[in-house]
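Here the structure is laid out as structure tokens; the discussion comes afterwards.
So you know, we letter chains A, B, ... as the sequences are listed, proteins then strands, and number each from 1. All heavy atoms count here, side chains included; hydrogens, waters and symmetry mates do not.
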Number of protein chains: 2
Amino acid sequence: MNEKESTKDKIIKTASRLFQIQGYHATGLNQIIKESGAPKGSLYYHFPDGKEQLALESLQVTAKFVLNQIAEGLQKSSDPVIAIQSLIHDMAERFEKEGYEGGVPVASIALETSLISEPLRNACQSAYGNFQDAFTQKLLSSGLEEKRAIELGIVMNSMLEGAFLLSFTMGDSQPLRMVAKQIPVLLK
Amino acid sequence: MNEKESTKDKIIKTASRLFQIQGYHATGLNQIIKESGAPKGSLYYHFPDGKEQLALESLQVTAKFVLNQIAEGLQKSSDPVIAIQSLIHDMAERFEKEGYEGGVPVASIALETSLISEPLRNACQSAYGNFQDAFTQKLLSSGLEEKRAIELGIVMNSMLEGAFLLSFTMGDSQPLRMVAKQIPVLLK
DNA sequence: GTCTATAGGACGATAGAC
DNA sequence: GTCTATCGTCCTATAGAC
């Protein structure tokens, strides 16, 4: 049906990448326009509310991508310990390959915009809530009691985000690797 | 000896606070000058390398403060489980009281500057390394084997940072509380 | 050491022709 | 839908009087 959305999609794709790597304030609309090859006039046609709206839609695309990655990784084994470990190892591997090119999804936007934009804050909260739910669902399906599954979903999410942040900053996938190693202890 | 550093100290104190709450790019030198009450001319007198140098020294102050908080918290009990739990609970409590006013120490600067400034990246790495070491030392002193103490130091640091980031974004101290709750499982 | 004024550039956003 | 020109604002940084 919508085959002609390529311009808007191109802008969002470029914006998603730049926002994640550079952050919200360091990424200018001019840079997005330049790198996406789209005309500046069309930016405000597709995103009449400007930078905030563009960041919002870009963040939603990023969050959907990450959620999908988590969900797919968790499907690889019925055993939640193995599934979560393999998910984190996959991320560590991708980090080792891509280096800094992925930034830290959601976190960079969350820290910069949570206090200045309600729509963006809500989108970040929703993204993290979805990540957390994916872990909780996996734990529930393996027979864990509900209260404990929710608690551990929160903890898994915290560990993953923290390890990602530290791996990024230290330039070393060790935090991700070490966190993965503790999953059996935590879930046993 | 140095009783006349009050102007420079005032600038650093204000800058530390603003950088942590708003981030690097969203915080202007004009705002720092205005809120600190210091004259703009003196900013470039005390920090000839400009914003980067100011952010560097501010980050070091913040990192020292956080490290001190961690070290003090860990001293409260010889049992590392109790000590780490009480440390995280203290942070959760402070978060519940202060709300967003503390930002997420180090992380906000780390995400925004690690890719654009080597001195700032190094300072962030050093800060995280020190946090991690504090945990590792505590675990070593309680008789844990060295390799495992180092691994768990990395994991503790990741969990704490991740939980802090999530608590900040979600506006809820639950991630910190839940992470604290898992410490006995992880260290037993 | 302090203060003011200002340079010089980037930014987000808009207007209006096409 | 696209494109260009431009406005007003903010930024970092500097120059030079005091």
Side-chain angles (χ1 to χ4, degrees), chain A residues 1-59 108-109 112-113 115-121 123, chain B residues 1-59 108-109 112-113 115-120:
Chain A
M1 316 133 198
N2 270 329
E3 285 197 81
K4 285 280 181 82
E5 277 202 326
S6 84
T7 293
K8 184 174 184 182
D9 286 348
K10 216 162 44 174
I11 294 176
I12 288 188
K13 195 178 162 189
T14 302
S16 299
R17 180 172 52 83
L18 292 175
F19 281 137
Q20 292 307 318
I21 301 173
Q22 306 179 338
Y24 182 79
H25 291 98
T27 302
L29 298 183
N30 292 325
Q31 187 187 10
I32 294 172
I33 284 310
K34 199 176 164 191
E35 293 200 18
S36 72
K40 182 157 188 179
S42 71
L43 196 155
Y44 278 93
Y45 172 82
H46 292 294
F47 307 92
D49 287 342
K51 190 177 186 178
E52 187 179 19
Q53 184 187 355
L54 175 56
L56 181 65
E57 297 195 28
S58 300
L59 178 67
S108 52
I109 302 297
E112 281 189 73
T113 67
L115 297 183
I116 59 172
S117 161
E118 196 187 327
L120 279 168
R121 178 177 62 246
Chain B
M1 315 134 197
N2 270 329
E3 285 197 80
K4 284 282 180 85
E5 276 202 328
S6 84
T7 293
K8 183 173 183 180
D9 285 349
K10 218 163 41 175
I11 294 176
I12 288 188
K13 196 178 162 190
T14 303
S16 300
R17 179 171 52 83
L18 292 176
F19 280 138
Q20 292 305 319
I21 300 173
Q22 307 179 338
Y24 182 79
H25 290 98
T27 303
L29 298 183
N30 293 325
Q31 187 188 10
I32 295 171
I33 284 311
K34 199 175 163 190
E35 294 200 18
S36 72
K40 183 158 188 178
S42 71
L43 196 155
Y44 279 93
Y45 172 81
H46 292 293
F47 307 93
D49 288 341
K51 190 177 187 179
E52 187 180 20
Q53 185 187 355
L54 175 55
L56 181 66
E57 296 196 28
S58 300
L59 177 67
S108 51
I109 301 298
E112 281 189 74
T113 66
L115 297 184
I116 59 171
S117 162
E118 196 186 328
L120 280 168

Could you give the [atom1]-to-[atom2] distance, from [X] to [N], as a whole number of Å?
X       : N      : atom1 : atom2 : value
B:Leu43 : C:dT2  : CG    : P     : 11 Å
A:Tyr45 : C:dA13 : OH    : C1'   : 18 Å
A:Lys34 : C:dA10 : NZ    : C1'   : 12 Å
B:Ile32 : D:dT12 : CD1   : C1'   : 11 Å
B:Ile33 : D:dA13 : CD1   : P     : 12 Å

Exercise for review: Please identify each residue that fulfils side chain to side chain contact (heavy atoms under 4.5 Å, CB included) with A:Ser42, with sequence neighbours left out.
Suggested key: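 A:Ser42 satisfies side chain to side chain contact (heavy atoms under 4.5 Å, CB included) with A:Thr7, A:Ile11, A:Ala38, A:Pro39, A:His46 once adjacent residues are dropped.
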
Review point. Roughly how far apart are B:Leu43 CG and B:Ser36 OG, rounded to 0.5 Å?
Key: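 So the CG of B:Leu43 and the OG of B:Ser36 are separated by 7.5 Å.
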
Exercise for review: Would you list the pairs meeting salt bridge (charged side-chain N to carboxylate O under 4.0 Å, His left out) in which at least one residue belongs to residues 35-58 of chain B, sequence neighbours left out?
Suggested key: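 Passing the test, one end in residues 35-58 of chain B: B:Lys8-B:Glu57, B:Arg17-B:Glu35.
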
**Study point:** Pairs involving residues 18-32 of chain B, ordered by first then second residue, that meet salt bridge (charged side-chain N to carboxylate O under 4.0 Å, His left out) (sequence neighbours left out)
**Key:**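 For residues 18-32 of chain B: none.
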
Under 3.5 Å, N/O pairs linking protein and nucleotides 3-11 of chain D:
| residue | atom | partner | partner atom | Å |
| --- | --- | --- | --- | --- |
| D:dC11 | OP2 | B:Asn30 | ND2 | 3.4 |

Review point. What ring-ring contact (aromatic ring centres under 6.0 Å, His included) pairs are there with at least one residue in residues 10-32 of chain A, not counting sequence neighbours?
Key: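 Matches after skipping sequence neighbours: A:Phe19-A:Tyr24.
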
Review point. For A:Thr27, what residues pass the side-chain hydrogen bond (donor to acceptor under 3.5 Å, both in side chains) criterion, not counting sequence neighbours?
Key: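 Applying side-chain hydrogen bond (donor to acceptor under 3.5 Å, both in side chains) to A:Thr27 gives A:Gln22.
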
Review point. If you check every side-chain atom of B:Tyr44, which of C:dT14, D:dT12, D:dG1 has the closest atom?
Key: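 The answer is D:dT12, which lies nearest to the side chain.
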
